[in-house]
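None of these values were measured; they are calculated from a predicted model.
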Amino acid sequence: MQKMRPVILGLAAVWLVLFLASFVSLRVTQIDGGSQSGLARLAVFLTWQVAAFVVAMLGACATRYAVTRGVERIKLVGYAPLAASVLLVGSFIALTAVRLYWTPLLEAAMRFFC
């Protein structure tokens, strides 16, 4: 089952390229100054992140298959991309929830009580 090691390493490398490309896309996406430019940048960033997440899932599945077949020293390389993608997307969802839901709620409460 040593044949799985290059596959997992390759998927981890592809994930890293996609993950880094998502942050580069934030810098290179054109800003026209309109109200939609921020949403366009966000859409491009999330598109790259979804692609990276899919590759991370494939890598985790391949790692699970390899581990059940006896390849033990590949777990970190196989599961770390998925953990990083889940952490980033989870953080994004949490920050968006705070920005869109909790901040207006707290501002309304402050106006009510103060």
Legend entry - Other ILVMFWY residues reachable from M57 by side-chain steps of under 4.5 Å: F53, L82, V86

Inset, instruction - Applying side chain to side chain contact (heavy atoms under 4.5 Å, CB included), name anything that partners L46, two or more places apart in sequence or on another chain. - result: L42, F92

Inset, instruction - State plainly whether one hydrophobic cluster holds both V67 and M4, where clusters connect Ile, Leu, Val, Met, Phe, Trp and Tyr through side-chain heavy atoms under 4.5 angstrom apart. - result: no

Inset, instruction - Please report the shortest heavy-atom distance between R73 and R5, naming the atom on each side. - result: O-NH1, 3.8 Å

Inset, instruction - Starting at CD1 of I8, measure out to OG1 of T63 and round the result to the nearest 0.5 Å. - result: 4.0 Å

Inset, instruction - Among Ile, Leu, Val, Met, Phe, Trp and Tyr joined by side-chain contacts under 4.5 Å, find the other residues sharing a cluster with V24 and list them by chain and number. - result: V28

Legend entry - Single-linkage hydrophobic cluster, 4.5 Å side-chain cutoff, L18 and L20 together: yes

Inset, instruction - Of all the heavy-atom pairs spanning V55 and L11, show the shortest one and how long it is. - result: CG1-O, 3.4 Å

Inset, instruction - Not counting sequence neighbours, list each pair that qualifies as a side chain to side chain donor-acceptor pair (under 3.5 Å) and has a residue in residues 76-98. - result: W15-S85

Inset, instruction - Any pair with a residue in residues 75-91 that passes salt bridge (Lys or Arg N to Asp or Glu O under 4.0 Å), sequence neighbours left out, goes on the list, sorted by first then second residue, please. - result: E72-K75

Inset, instruction - For side chain to side chain contact (heavy atoms under 4.5 Å, CB included), just list the numbers for F23 and L88, CA-CA rounded to whole Å, side-chain angles, deciding distance to a tenth of an Å, and then say yes or no. - result: CA-CA 12 Å; F23 291 102; L88 182 79; 4.1 Å; yes

Per-pair distances, 0.1 Å, donor-acceptor, side chain in residues 99-114, under 3.5 Å, sequence neighbours excluded:
| from | atom 1 | to | atom 2 | distance (Å) |
| --- | --- | --- | --- | --- |
| T103 | OG1 | V98 | O | 2.9 |

Inset, instruction - Please lay out, stage by stage, how I93 and V89 fare under the test side chain to side chain contact (heavy atoms under 4.5 Å, CB included). - result: CA-CA 6 Å; I93 290 170; V89 171; 4.0 Å; yes

Inset, instruction - Name all pairs fulfilling the side chain to side chain donor-acceptor pair (under 3.5 Å) condition that reach into residues 45-55, sequence neighbours left out, sorted by first residue then second. - result: S22-Q49

